[in-house]
S.K.: 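Starting off with a structure, shown below.
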Amino acid sequence: MQDKSTAEDFDVVIVGRGPVGATLANLLGLCGVRTLVLEREARAYHLPRAVHFDDECMRVFQTIGLAETILPHVILSPGMLFLDAAGRMLLDWSRPQTLTPMGWHLSYRFHQPDLENVLIGGLARWPHVSLRNRCDVFALDQDEDGVRVRYEDLSNGRLGEVRAGYVIGCDGARSLVRRFIGSGMDDLGFHERWLVIDVLLKRDRDDLGDYSLQHCDPRRPATYVRGTGTRRRWEITVLPDEDSQEVALPAKVWELLSRWITPDDAEIERAAVYTFHSVIAQQWRNDRLLLAGDSAHQTPPFLGQGMCAGIRDAANLAWKLAAVIRDGAPPHLLDTYQSERQPHVREFIELAIRLGGVINTKAIEAGLAAGEVRENAPVKLEVKKPLLGPGLALGDLPLAGHLVPQFALRDGSRSDDRIGYGHVLLVDSSATPPSRPAHSLPGIEILTSNDAEAVGPWLREHGIIAALVRPDRYIRGTARNETDLDRLMAAITPPTHVPSAA
Ligand SMILES: O=C(O)CCc1cccc(O)c1
């Protein structure tokens with residue numbers, strides 16, 4: 001065993017290099033935090049998992065300077081249609097093809113290994129961030145000033161050991177870090193086996209369409225998702241009497257797919273039975289150990305929000321970790337991570353479960369009976385983003401806990417690129433007296449209507465003269481007048497500004 005003084009030392013060790021771990025590592029890289037990522041596998045997981053992310057995720061990728069590199073690997077999703085067994089449309093969840101207030105499109109489809117490669121490639125920009133593949137963490141021991149992290153290098157069987165200020169478990173549904181935290185799981189009640197089939201088309205099948213489809217057939221609910229390039233996915237319910245292995249055998253897979261495609265059209269890339277769970281860890285932090293992504297929560301896929309939730313975790317957590325490690329903020333700042341994120345992700349999971357009910361059509365029948373679904377007139381579905389849970393939002397003033405829009409700047413750039421992963425005060429220049437100099441707000445960028453024309457109208461639309469926004473783009477507090485603004489500024493400890501990615 002190495003003693004404390006000789007073991008390599010990191011501010012943060014991230015266990016797991018999937019999209020959430022890699023995004024978190026890039027954000028910490030941006031903040032100058034010394035980070036080590038330990039990953040059990042040799043390379044980016046070569047089989048697809050998540051297939052969808054939203055505008056908020058793309059904004060996080062913009063923050064880490066990788067959005068432009070990711071763009072060639074994604075396609076826009078027009079949305080999802082819910083069809084009954086006869087093919088009639090029940091629910092129309094179309095997405096606008098225009099930019100949302102986040103400055104991106106609402107819905108992107110992607111191939112997870114492509115995204116992981118970009119995120120992992122991005123780590124090379126940060127000299128203080130390193131990645132060790134084939135390193136299987138098996139022990140985490142917390143003491144008064146850090147965590148001893150022990151792992152096996154699977155390439156040669158050697159044991160390794162490092163010290164970390166904090167360890168973040170981005171290590172998936174079966175998380176080892178969660179076991180060391182000792183957290184139980186809240187069960188939201190949805191656990192269903194689905195056969196997930198990824199195919200590569202051998203010839204054009206444009207007729208399959210660009211919309212995702214939910215086939216709400218009570219005999220066998222199924223989902224179709226158009227992927228990037230020639231990739232197409234079907235997710236098909238496994239019936240209670242079916243064997244998980246047998247249903248994934250090629251003959252059975254083709255039988256199940258025969259309504260839509262045949263072996264002449266496509267080859268199977270992967271077919272595996274997954275049980276979609278709906279669970280949330282009860283404890284996301286135990287002192288220096290924290291969870292992010294699937295280790296903290298798992299959702300049925302029907303909203304395409306599984307990975308998005310993990311990316312939001314990373315954006316919420318990284319600046320708080322940096323504030324504690326780098327700026328000496330009190331460690332209990334980290335408790336606001338779970339209190340803010342848990343209710344948010346819970347709302348998404350509950351909605352995904354309700355959608356799962358719709359796909360099983362019983363809910364549709366009930367909706368028809370209640371007059372909610374009219375024949376020949378599909379209901380339009382609009383998904384609202386939940387509010388952050390209680391944490392750092394100040395007071396009950398308008399907008400606290402909501403996402404701020406991204407503004408076009410007068411110089412042609414965009415507000416997030418100017419602000420970086422930092423704090424910003426949005427003020428209407430006409431309402432800000434010259435007696436309030438910028439230097440009284442160390443670590444907080446100021447953006448006025450002189451910088452971005454739309455700032456003033458946006459503030460006025462909400463009846464406020466200022467909004468204080470955190471690095472994860474959530475509004476911390478707003479001010480309706482000068483007295484509110486004084487109170488807002490007095491209530492915060494100005495954190496150090498973090499510059500934007502190169
Ligand atoms: O919104 C979309 O286009 C796809 C969301 C999605 C992805 C995977 C499974 C699923 O049921 C929905």
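One-based numbering, in listed order, for ligands and for the atoms of each.
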S.K.: Nearest protein heavy-atom contact for atom 10 (C) of ligand 1: which residue, which atom, what distance?
M.R.: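 Atom 10 (C) of ligand 1 sits closest to the protein heavy atom Pro301 O, 3.2 Å.
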S.K.: What protein heavy atom is closest to atom 1 (O) of ligand 1, reported as residue, atom name and distance in Å?
M.R.: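 Nearest neighbour among protein heavy atoms for atom 1 (O) of ligand 1, to 0.1 Å: Arg95 NH2, 2.9 Å.
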S.K.: For Phe348 and His344, take the angle between the two ring planes, folded into 0 to 90°, and tell me which bin it lands in: parallel under 30, tilted 30 to 60, perpendicular over 60.
M.R.: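 Phe348 vs His344 ring planes: perpendicular.
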S.K.: By number and element, which atoms of ligand 1 are closer than 4.0 Å to a non-hydrogen atom of Met80?
M.R.: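 Heavy-atom distances to Met80 below 4.0 Å select 4 (C), 5 (C), 6 (C), 12 (C).
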S.K.: Can you check whether Leu388 reaches Arg312 side chain to side chain, under 4.5 Å on heavy atoms?
M.R.: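 No, too far: nothing below the 4.5 Å cut-off.
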S.K.: Against heavy atoms of His52, which atoms of ligand 1 measure under 4.0 Å?
M.R.: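 Near His52, the atoms of ligand 1 are 1 (O), 2 (C).
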S.K.: Which of the numbered atoms in ligand 1 are under 4.0 angstrom from any heavy atom belonging to Ser77?
M.R.: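 Those qualifying, in numeric order: 3 (O).
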S.K.: To which protein heavy atom is atom 9 (C) of ligand 1 closest, and what is the distance rounded to 0.1 Å?
M.R.: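 Here the closest protein heavy atom is Glu235 OE1, 3.4 Å.
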S.K.: Examine Arg414 relative to Trp104 and say whether NZ or CZ is less than 6.0 Å from the centre of the six-membered ring and inside a 45° cone about the ring axis.
M.R.: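 Verdict for Trp104: a cation-pi partner in Arg414.
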S.K.: Report yes if some heavy atom in the side chain of Phe190 is under 4.5 Å from a heavy atom in the side chain of Ile349; otherwise report no.
M.R.: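 The answer is no; the side chains never approach within 4.5 Å.
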S.K.: More than 12 heavy atoms of other residues, nucleotides or ligands under 6.0 Å from CD of Gln245: yes or no?
M.R.: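 No, CD of Gln245 has 12 or fewer neighbouring heavy atoms, counting only those of other groups under 6.0 Å.
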S.K.: Would you confirm whether the ring centroid of His297 sits within less than 6.0 angstrom of the ring centroid of Trp284?
M.R.: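 Yes, the ring centres sit under 6.0 Å apart.
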S.K.: When only distance counts, is Ser212 in polar contact with ligand 1, meaning an N/O pair under 3.5 Å?
M.R.: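 Yes; the residue has a nitrogen or oxygen that sits under 3.5 Å from a nitrogen or oxygen of the ligand.
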S.K.: Which atom names give the shortest non-hydrogen contact between Thr228 and His73, and what distance separates them?
M.R.: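 For Thr228 and His73, the tightest heavy-atom pair comes out as CG2-O, 3.5 Å.
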S.K.: Which residue supplies the protein heavy atom nearest to atom 8 (C) of ligand 1, what is that atom called, and how far is it?
M.R.: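 For atom 8 (C) of ligand 1, the nearest protein heavy atom comes out as Val51 CG2, 3.7 Å.
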S.K.: At the 4.0 Å heavy-atom cut-off, does Arg109 count as touching ligand 1?
M.R.: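 Distance cut 4.0 Å: Arg109 passes for ligand 1.
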S.K.: Under 3.5 Å, N or O to N or O, is Ser107 touching ligand 1 that way?
M.R.: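 No.
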S.K.: Among all residues two or more places apart in sequence or in another chain, which pass the ring pair (Phe, Tyr, Trp, His ring centres under 6.0 Å) test with Phe53?
M.R.: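 If we apply the ring pair (Phe, Tyr, Trp, His ring centres under 6.0 Å) test to Phe53, skipping adjacent residues, the hits are Phe61, Tyr108, Phe110.
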S.K.: Heavy-atom contacts under 4.0 Å between Gln214 and ligand 1: side chain, backbone, both, or neither?
M.R.: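 The side chain, only.
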